[in-house]
Each structure stands twice: as structure tokens, then as C-alpha cells.
Protein chains: 2
Amino acid sequence: MAVTIKDVARVSGVHVSTVSRAFSATHLVNADTRARVLAAAEELGYRPNRAARALSTSRTGNLGLIVADIANPFFPPLLKAAQAQARARDYHVFIADTDEQTRVEEELVRSMAKQVDGAVLVAPRLTNRVIAELAREIPLVVVNRRLRGVSGVLMDVGAGARRAMEHLVELGHREIVVVGGPSRAWTSGEIERATEHIAQDHGILIQRVGPNPPTEEGGRAVAEEVVASGATAVLAHNDLLAFGLVRRAIELGLSVPGDLSVIGVDNSHVARYSSPALTTVDMPVAEAGRGAVDLLLRSVDAAESTGTVTLETSLVVRASTAPPVLSQKRH
Amino acid sequence: MAVTIKDVARVSGVHVSTVSRAFSATHLVNADTRARVLAAAEELGYRPNRAARALSTSRTGNLGLIVADIANPFFPPLLKAAQAQARARDYHVFIADTDEQTRVEEELVRSMAKQVDGAVLVAPRLTNRVIAELAREIPLVVVNRRLRGVSGVLMDVGAGARRAMEHLVELGHREIVVVGGPSRAWTSGEIERATEHIAQDHGILIQRVGPNPPTEEGGRAVAEEVVASGATAVLAHNDLLAFGLVRRAIELGLSVPGDLSVIGVDNSHVARYSSPALTTVDMPVAEAGRGAVDLLLRSVDAAESTGTVTLETSLVVRASTAPPVLSQKRH
DNA sequence: ATGGTGACGGCAAGCGTTTGCCCCGGGGAT
DNA sequence: ATCCCCGGGGCAAACGCTTGCCGTCACCAT
């Protein structure tokens with residue numbers, strides 16, 4: 001029923017192989033013949049069947065994009081950019097949501113493997129071991145994960161966290177709580193390390209709370225603990241967490257940034273939309289999405305190349321940070 | 001290199017057809033034989049090649065999901081729900097972003113056609129004619145578009161807009177501006193009709209501005225016009241537009257809701273996150289995503305069934321609406 | 001004229017599955 | 001004892017495309 005290469009061949013009076021070549025090896029066919037074939041194809045509305053093509057070339061023209069939570073505002077701009085880049089290269093993309101579950105993540109990669117030329121894992125929650133294993137089965141690039149032998153694009157969240165801490169220190173804060181995210185996220189470790197350094201360099205007192213789910217709820221849940229800590233500022237693992245924390249802190253009667261300065265990470269639109277607008281670490285997500293696809297496509301073509309690109313982050317100062325008020329300490 | 005049905009056949013000592021049946025027509029093979037086959041498959045890590053399967057069954061196990069803008073906060077929760085539902089049914093989903101361009105939308109459907117069993121068009125910008133045409137080539141379901149002969153899930157934004165207007169009327173507003181969205185969006189017409197009715201019923205003065213791009217920028221751009229109109233309240237096509245409008249209005253020295261009440265549509269997270277929190281029309285997006293996939297799968301299986309489901313919306317009153325101040329009119 | 005050389009394009013195998021057809025053998029009905 | 005039926009499973013074609021191989025023909029150099 002659907003029009004196939006055979007129909008085109010019949011109509012244009014050539015063999016199917018010629019039709020095939022007219023599309024994918026243009027230099028092997030005479031210009032006039034090719035024109036006839038293309039005309040016939042056009043007339044019939046012929047579209048090559050990618051699945052069939054995949055069967056003989058073992059190239060599908062598809063990519064997989066796997067994220068923890070599509071609805072987390074960190075991801076959509078990245079997905080959008082990656083999708084656009086893929087499309088520009090004539091690739092289609094499968095997008096899948098793992099719901100933060102590592103089992104699902106692994107299963108998803110495996111079940112997609114045959115259908116894609118490669119996959120990008122965005123902020124994977126999987127262990128390095130499993131990722132490395134998967135990378136042996138299918139070209140992989142990871143975003144925000146450092147892994148020997150696997151291509152990756154990293155957003156330098158460590159530098160961003162450092163900037164954020166310095167900003168707080170300059171404002172005069174001396175006791176800061178760092179609200180952690182999911183324990184298996186690479187960014188968690190980066191932030192921990194960076195904040196540790198800053199604390200030592202400046203003699204700052206740091207308290208850590210977490211791990212926490214990277215959601216508004218997670219933020220609300222830790223608010224009381226943060227308030228009780230007596231710290232005057234907090235750096236949260238992401239904007240959502242920061243936002244929930246701010247909301248709850250305000251409900252508890254605090255003023256932000258008056259009583260508590262809060263910094264998020266991601267520079268997602270919640271940071272811009274919320275009030276007070278959040279000071280946050282900007283993550284170049286669109287660039288990361290594009291970069292991941294480029295990297296992936298490169299390793300699909302060139303078989304064996306792996307590489308890592310690191311993208312710069314920056315601190316965006318908005319209205320959720322201010323000097324601490326010099327009241328008597330609360331504890 | 002990859003393990004195929006042949007390998008499994010060899011290892012388990014049966015013919016490939018038996019292996020095939022062991023997977024997809026279990027009742028046609030003896031239980032013991034089947035167990036042997038499955039064991040061999042497991043041992044080898046065999047996964048059926050979906051592309052090959054598609055070739056002979058003409059069922060791909062894939063779905064397409066096409067949206068105007070992944071980064072517009074209206075879409076991600078819908079995508080997430082749709083994707084989850086599809087996964088539960090063992091379907092993979094292609095997600096594509098049209099960047100609000102109708103040409104791209106059409107081209108996307110066509111280029112996916114051979115690779116999916118059906119597609120859902122979310123808030124399509126295409127004309128009815130083109131959609132109907134596409135629906136003839138591939139099972140389609142549209143979200144937020146009413147179209148004879150094409151399955152759809154509709155969120156009753158008309159009822160929502162009516163509720164929103166009534167809310168404003170009850171608060172005492174008598175001059176309201178309706179900020180329109182993209183002209184080709186179905187919701188635009190619905191809102192226009194609903195507001196028209198309310199205006200007549202209550203003798204309200206309505207002014208329309210638009211069409212506008214459904215973005216924060218779009219909202220900022222119309223703010224001055226809205227302010228100059230002298231109206232005391234506005235109903236915007238979506239939250240993003242409402243949000244941009246609020247921001248700009250505040251920059252212009254107005255207070256919201258003091259000088260201007262604003263209502264959005266979508267109940268996306270920007271409505272919750274922004275300040276003042278937006279009164280908005282809640283859209284059951286997750287349900288719509290699930291419903292669309294269900295509907296699509298049904299028409300894929302049952303060939304010829306088309307249906308429309310309408311989902312209820314509701315008004316969420318937050319902090320961006322209040323009674324008008326009774327000052328002298330500004331014009 | 002003769003042989004050589006490309007360019008062009010037909011032929012057919014092969015990619016991994018599914019599925020209609022048929023064969024085989026065992027058990028129940030007669 | 002014979003016949004039938006049916007469960008089980010092998011065989012091979014088919015799905016739509018790509019690609020290595022080879023034949024044909026025109027054209028050029030000798």
C-alpha cells in the first residue's frame with residue numbers, strides 16, 4: 001500500500017538498485033537518469049523506509065535521549081536544543097523519562113539500543129560501571145558525568161558553586177548550609193568538593209543537608225532544618241530545591257534575602273520567575289544539548305573517538321542574596 | 001556481531017521460526033521448547049530487532065509526539081505523561097519540536113510516518129485541511145483541536161475562560177482586555193468565543209489585543225497597550241504571556257493585582273512560581289497526554305475508531321486578581 | 001579494426017523477523 | 001487396525017532497502 005522503491009523503479013523504468021543509488025549514492029548514477037527517478041519519486045510521494053534502510057546499513061538515523069525527569073525545568077531547554085541539532089543532521093530522536101529510577105534508565109538504553117545509532121544520557125543516575133558497560137554496546141555520550149572512555153559534556157558546576165560561595169562570602173556570610181541533591185548525580189560531588197575548598201580557604205563554616213530529591217518538595221522538606229541551623233545563607237543543589245526552600249522559609253516567617261540568602265543552580269526559568277528572583281548558577285543547557293548531539297554523531301561516524309567538552313558556568317546574581325543581618329545568633 | 005534470532009536458534013537447537021514464535025505467539029510452541037529458547041535468549045542477551053520486526057509486521061512499536069515548543073512549560077508535563085503511558089504499553093516515543101512553524105510540523109509528520117504507528121499532534125498550528133490530509137496517511141490524534149474524523153483530546157478551555165471572566169466580573173471588573181495567543185491555535189478561538197458570551201451576558205466591555213506569540217516576550221510587548229486601554233483586568237492566552245505582562249506592568253509602575261488583575265491559562269509552574277502567584281485556568285495536561293496515547297493506541301489496534309474526549313478545566317484563584325480600585329478612569 | 005577503459009546500471013544476496021504452508025507423528029474415534 | 005485430527009515445528013517467501021559483483025556499451029588510443 002505504501003509506496004516503495006519498487007514502485008518508483010517501475011514508474012521510472014529502471015531497476016530498484018538504481019533508484020536506491022539515485023538517493024544515496026548520487027555520483028553513481030547518470031544525471032538524467034537520476035532526474036527521472038527523482039521525478040517519479042516526487043510524483044508518487046515516495047519516502048525511503050528508514051527501518052528497511054537500517055536493516056541493511058545498520059544505521060537507523062535515530063538517537064536516544066534519556067533524562068531523569070522531563071518535567072524538571074532543567075531538562076526541556078536541553079532537550080529542545082538537542083532535538084533541534086539532531087533534526088538539522090536529519091536524525092530523529094527518542095526521548096525517554098526514567099522517573100529518576102536507575103533500573104529504568106538501564107532498561108531504556110538496552111531496549112533502545114537496536115533502534116538508535118547512539119544515545120545521550122543526561123545527568124545519569126547510573127553507576128559508572130553500568131554506564132561503561134552500556135557504552136560498550138552502543139555509542140553513548142553523557143551529560144554532566146565524567147567517565148573515562150565515554151564521551152561527555154560537562155557543565156562546570158564546580159566553578160559555579162565556587163563563584164556562588166565567594167559571592168556569599170563577599171556579602172559577609174560565615175555560616176552556610178549546602179543543600180545536596182540526589183547522591184548519584186555527578187553535580188552533587190562537584191558541588192561538595194567546590195564548597196569544601198572555599199570553606200577551607202575562607203574559614204567558613206559549612207553544614208550539609210541531604211541527599212534530597214531535586215524537587216520543590218525536597219526544598220520545602222529541608223527548610224526547617226536549614227532555618228534551625230542558624231546559618232545565614234544556603235546554596236541549594238538546584239533551583240527547584242532552592243525555590244521550595246525559599247517558599248517554606250517565608251511561610252516560617254523569615255524574609256529572603258533578609259534573614260536568609262539562597263542560591264540555586266541551573267538558572268532554569270523558575271529562578272527568573274520566582275520572587276524573589278533567585279541568584280543562581282547559570283548552566284549552558286542549550287549548548288550542552290547541542291554539544292552532546294554533535295559529540296555523539298561524531299563518535300557514530302568516526303567509530304572510535306571519544307572526547308570531553310567542558311562548558312563554562314556563571315553566577316547570575318538576582319534578588320535572593322544579600323548581606324546577613326547582624327542579629328544575635330539564633331542558637 | 002549483534003545477537004540475532006539465528007544465534008538463539010542455533011544455541012537452542014530449533015529453527016528460527018520457532019524462536020520467533022516463542023516470543024510472539026507463545027501458544028504455538030510447546031512449553032518446554034519455549035523454555036529452552038528463552039533460556040538461550042537470556043544467556044545470549046538476545047533482543048528482538050524492532051526494525052526488522054517492523055519490516056514484516058508493519059508495526060513499529062513507536063509513536064510520534066509533536067509539539068510547538070518543548071521549552072514552553074505547558075508541554076513538558078504532557079510529554080512526560082504521554083511518554084510514561086507509551087512506555088507502559090511498550091512503545092517508544094519520538095518527540096519533536098516544530099519551533100512554532102507549520103511547515104516543520106507537516107514535514108515532521110511525513111518524515112516520521114514510516115517509523116511510527118501513529119502520532120499525536122499537541123496544539124497543532126496546522127490548518128484543518130492539512131491535518132485531515134495527514135490523518136489519512138497515518139493514525140493521528142490531536143490535542144486541543146477539534147476536527148471531524150480525527151481523534152482528539154480537548155481541554156475545555158472555553159469553560160475555563162468563562163469561569164475566569166465570571167471571576168473577574170464578580171470582583172467588579174467591567175472593562176477587560178483579552179490578550180490573544182497564536183491565531184492558528186484552537187484555544188484562541190475557544191477563548192474568544194467564551195469571552196464574547198460572557199461579555200454579552202454581563203454587559204462587559206471587552207478589548208482584544210493580539211494575536212501574540214505565546215511567550216513572556218509577547219506579554220511584555222503588549223503591556224503598554226493593555227495599560228493604556230484603561231481596562232482593570234486582563235485574561236491572557238497563557239501563563240507565559242500573563243507573566244510577561246505582569247512583569248512589564250510592574251516595571252511601568254502599576255501594582256498587580258492592585259491596579260490590574262491578570263489571569264493566565266495553563267496552570268503551568270510559572271503560574272505557581274511567579275509573584276504574585278497567577279490566577280489561572282488549570283489544564284489537565286498529564287491526563288491529556290495519557291489520554292492522547294490511549295486514544296492513539298486504540299485507533300492503531302482497531303484501525304477505524306475515532307473519538308473525542310473532553311477534559312474539564314478549572315479556575316485556580318491565586319494572588320493576581322482582586323477587585324478593581326475605583327479611581328477615575330485613566331482615559 | 002582491435003583491445004582497453006570507464007561509466008552506467010542490472011542482478012541477486014543479504015539485513016532480522018514474521019507467517020502461511022506443509023510435514024510428521026501420536027492419540028482418539030470408529 | 002485404519003483413519004483423522006491436531007499439536008508442534010521446519011521451510012521459505014516476503015517485508016523495503018543497500019551493495020558487491022558483473023555485464024554492456026560507447027569511446028579512445030593504438
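Per chain, numbering begins at 1; letters A, B, ... match sequence-line order. Hydrogens, waters and symmetry mates play no part in the numbers below; they use all other heavy atoms, side chains included.
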Are side-chain heavy atoms of B/Val122 and B/Phe75 found at a separation under 4.5 Å?
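B/Val122 reaches B/Phe75 side chain to side chain.
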
N/O donor-acceptor pair under 3.5 Å between B/Asp97 side chain and A/Lys80 backbone
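Judged by distance alone, no pair lies under 3.5 Å.
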
Close residues, residues 31-52 of chain A, relative to DNA chain D [heavy-atom separation under 4.0 Å]:
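A/Tyr46, A/Arg47, A/Pro48, A/Asn49, A/Ala52 - these, ordered by number, are the residues of the stretch whose heavy atoms sit under 4.0 Å from the strand.
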
Whole angstroms only, please: what is the [atom1]-[atom2] distance between [X] and [N]?
X        : N      : atom1 : atom2 : value
A/His27  : C/dC8  : NE2   : C1'   : 12 Å
A/Asn30  : C/dG6  : CG    : P     : 18 Å
A/Ile5   : D/dC17 : CD1   : C1'   : 6 Å
A/Asp7   : D/dG16 : CG    : P     : 9 Å
B/Leu28  : C/dT18 : CG    : P     : 13 Å
A/Lys114 : C/dG16 : NZ    : C1'   : 9 Å

Taking all atoms of both residues into account, what is the closest heavy-atom pair of B/Val16 and B/Ile5, and its distance?
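Heavy atoms only, the tightest pair is O-CD1, 3.7 Å.
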
Measure the spacing between [atom1] of [X] and [atom2] of [Y] and express it to the nearest 0.5 Å.
X       : Y        : atom1 : atom2 : value
A/Asn62 : B/Met112 : CG    : CE    : 9.0 Å
A/Arg87 : B/Thr98  : CZ    : OG1   : 9.0 Å
A/Thr60 : A/Tyr91  : OG1   : OH    : 7.0 Å

Is there any protein nitrogen or oxygen under 3.5 Å from a nitrogen or oxygen in nucleotides 19-28 of chain D, and what are the pairs?
from, atom 1, to, atom 2, distance (Å)
D/dG20, O6, A/Arg21, NH1, 3.3

So, are B/Glu133 and B/Arg110 salt-bridged, with charged N and O less than 4.0 Å apart?
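Salt bridge: yes.
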
For B/Ala286, which residues count as a side chain to side chain contact (heavy atoms under 4.5 Å, CB included) partner, sequence neighbours excluded?
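Partners of B/Ala286 by the side chain to side chain contact (heavy atoms under 4.5 Å, CB included) criterion, ordered by chain and then number, come out as B/Ala81, B/Arg290.
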
Table please: side-chain donor-acceptor pairs of residues 142-153 of chain A below 3.5 Å, with sequence neighbours left out.
from, atom 1, to, atom 2, distance (Å)
A/Asn144, OD1, A/Met155, N, 2.9
A/Arg145, NE, A/Asn128, OD1, 3.0
A/Arg145, NH1, A/Pro124, O, 2.9
A/Arg145, NH1, A/Leu126, O, 3.4
A/Arg145, NH1, A/Arg184, O, 3.2
A/Arg145, NH2, A/Leu126, O, 2.1
A/Arg145, NH2, A/Asn128, OD1, 3.3
A/Ser151, OG, A/Gly307, N, 3.0

Tell me which one of B/Val130, B/Leu121, B/Leu134 satisfies side-chain contact (heavy atoms from CB on, under 4.5 Å) with B/Glu105.
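Filter result, single survivor: B/Leu121.
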
Five pairs at each end of the helix from C/dA1-D/dT30 to C/dT30-D/dA1: take the axis at both ends and give me the angle between them to 10°.
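It works out to 50° between the end axes.
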
Using heavy atoms to find the nearest nucleotide of DNA chain D for B/Leu55 and B/Gly13 separately, return the residue whose nucleotide is more 5′.
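It is B/Gly13, whose closest nucleotide lies nearer the 5' terminus.
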
For C/dC15 and B/Lys6 - does any side-chain N or O of the residue sit under 4.0 Å from the phosphate oxygens OP1/OP2?
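Checking B/Lys6 against C/dC15: at least one side-chain N or O falls below 4.0 Å of OP1 or OP2.
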
Between side-chain atoms of residues 38-54 of chain A and protein atoms elsewhere (two or more places apart, or another chain), which donor-acceptor pairs fall under 3.5 Å?
from, atom 1, to, atom 2, distance (Å)
A/Arg47, NH1, B/Glu107, OE2, 3.2
A/Arg47, NH2, B/Glu107, OE1, 3.2
A/Asn49, OD1, A/Ala51, N, 2.8
A/Asn49, OD1, A/Ala52, N, 3.1
A/Arg50, NH1, A/Gly61, O, 3.1
A/Arg50, NH2, A/Asp90, O, 3.0
A/Arg50, NH2, A/Asp90, OD1, 3.3

So what does B/Val14 touch, heavy atoms closer than 4.0 Å: a base, only the sugar-phosphate, or nothing?
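Sugar-phosphate contact only.
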
